[in-house]
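Along the sequence shown, the residues carry numbers beginning at 1. Values below: all heavy atoms of this structure, side chains included; hydrogens, waters and symmetry mates excluded.
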Amino acid sequence: MIRPPTATGRLADALLLHAAEATGGRPDRWRTELGLGAAGAVLVDLALIGRVAVRPDGVTVRSAARVEDPVADGVLGALLLSGRGRCLEGCLEHLAPSVYEAVCARLLAEGRLVCVRGRFGARYGRCLPTGPTPVPTPGAHADGLAALLGAVRRRSPCGETADGGPTAVVCAAVEARLRAAAQTLTCPF
């Protein structure tokens, strides 16, 4: 099994830990944005190890061999089952809810996030990181994290990624999907 080539862990984990810290333990309020970002992060990790090819018109699975990450294995399986004909934005939208839930569950199970109950029970509590969020070493992981955070926040253009590879393509799709979701919410007809 091949581990994704990241210096400080999985890109989706780093994204959600950073979001939990930045939101004061309330990442669920941005479930749509973080779900798309987490799904994009898993696709970037898989693209960096050569398991998938990411293009604006879709995602191609190059190798369905298992990796050490069960979330990435689930994404590979979902991509294989969904078949062809789905653009990258559609893939992200399809994967986002399950990837977000799986990454949050993994972080809770590993003890990297802890739920603190609120006054109204666990549903309205907070999920706080148990330690300081690790700062990634400069490289593809740090650049990918910064680009995905910018795409999720819709604050920086995705063209600022240095590699122009899968990270830039995924960030552009995340931003486009979020713009489409915002348009649907503000003008439903």
Side-chain angles (χ1 to χ4, degrees), residues 3-49 52 54-56 59 69 71-72 75 88-108 110 112-114 126-183 185:
R3 174 169 287 195
T6 56
T8 58
R10 301 168 191 106
L11 194 54
D13 291 4
L15 180 82
L16 289 183
L17 285 171
H18 179 81
E21 184 176 63
T23 61
R26 293 187 172 92
D28 270 357
R29 291 186 179 179
W30 293 274
R31 178 181 293 272
T32 301
E33 293 89 343
L34 292 174
L36 290 167
V42 172
L43 288 177
V44 168
D45 274 342
L46 289 171
L48 289 175
I49 61 172
V52 298
V54 180
R55 297 173 322 282
V59 179
D69 180 5
V71 176
V75 166
L88 178 56
E89 289 180 37
C91 288
L92 288 171
E93 186 175 19
H94 174 72
L95 295 169
S98 60
V99 170
Y100 176 81
E101 292 296 330
V103 172
C104 283
R106 176 176 57 209
L107 292 172
L108 287 166
E110 291 175 353
R112 296 169 65 194
L113 277 182
V114 62
R126 295 196 231 181
C127 289
L128 296 167
T130 55
T133 303
V135 178
T137 56
H141 182 72
D143 293 344
L145 179 60
L148 282 165
L149 284 169
V152 166
R153 292 177 178 162
R154 292 172 278 165
R155 291 188 181 160
S156 66
C158 60
E160 293 180 5
T161 57
D163 66 352
T167 304
V169 174
V170 168
C171 287
V174 168
E175 287 180 354
R177 190 68 237 143
L178 288 172
R179 278 193 307 274
Q183 178 65 28
L185 289 173

statement: Exactly one of Val170, Leu88, Val169 clears side-chain contact (heavy atoms from CB on, under 4.5 Å) with Pro56, and that residue is Val169

message: Looking at Arg10 and Asp45, is any side-chain nitrogen of the basic one under 4.0 Å from a carboxylate oxygen of the acidic one?
response: no

Nearest heavy-atom neighbours spanning [X] and [Y]:
X: Thr167; Y: Ala147; answer: CG2-CB, 3.8 Å
X: Cys91; Y: Val59; answer: SG-CG2, 4.2 Å
X: Ala12; Y: Ala38; answer: CB-O, 3.9 Å
X: Leu113; Y: Leu108; answer: O-CD2, 3.5 Å
X: Pro129; Y: Leu17; answer: CG-O, 4.0 Å
X: Arg106; Y: Val71; answer: NH1-CG2, 3.4 Å

If we only count heavy atoms from C-beta on, is the [X] to [Y] side-chain gap below 4.5 Å?
X: Val52; Y: Val75; result: no
X: Leu16; Y: Cys104; result: yes
X: Leu46; Y: Val54; result: no
X: Leu36; Y: Val152; result: no

To the nearest 0.5 Å, how far apart are [atom1] in [X] and [atom2] in [Y]?
X: Glu175; Y: Arg177; atom1: CD; atom2: CZ; value: 13.5 Å
X: Ile49; Y: Asp69; atom1: CD1; atom2: CG; value: 9.0 Å
X: Leu148; Y: Arg153; atom1: CG; atom2: CZ; value: 11.5 Å
X: Leu128; Y: Arg112; atom1: CG; atom2: CZ; value: 15.0 Å
X: Leu95; Y: Leu43; atom1: CG; atom2: CG; value: 6.0 Å

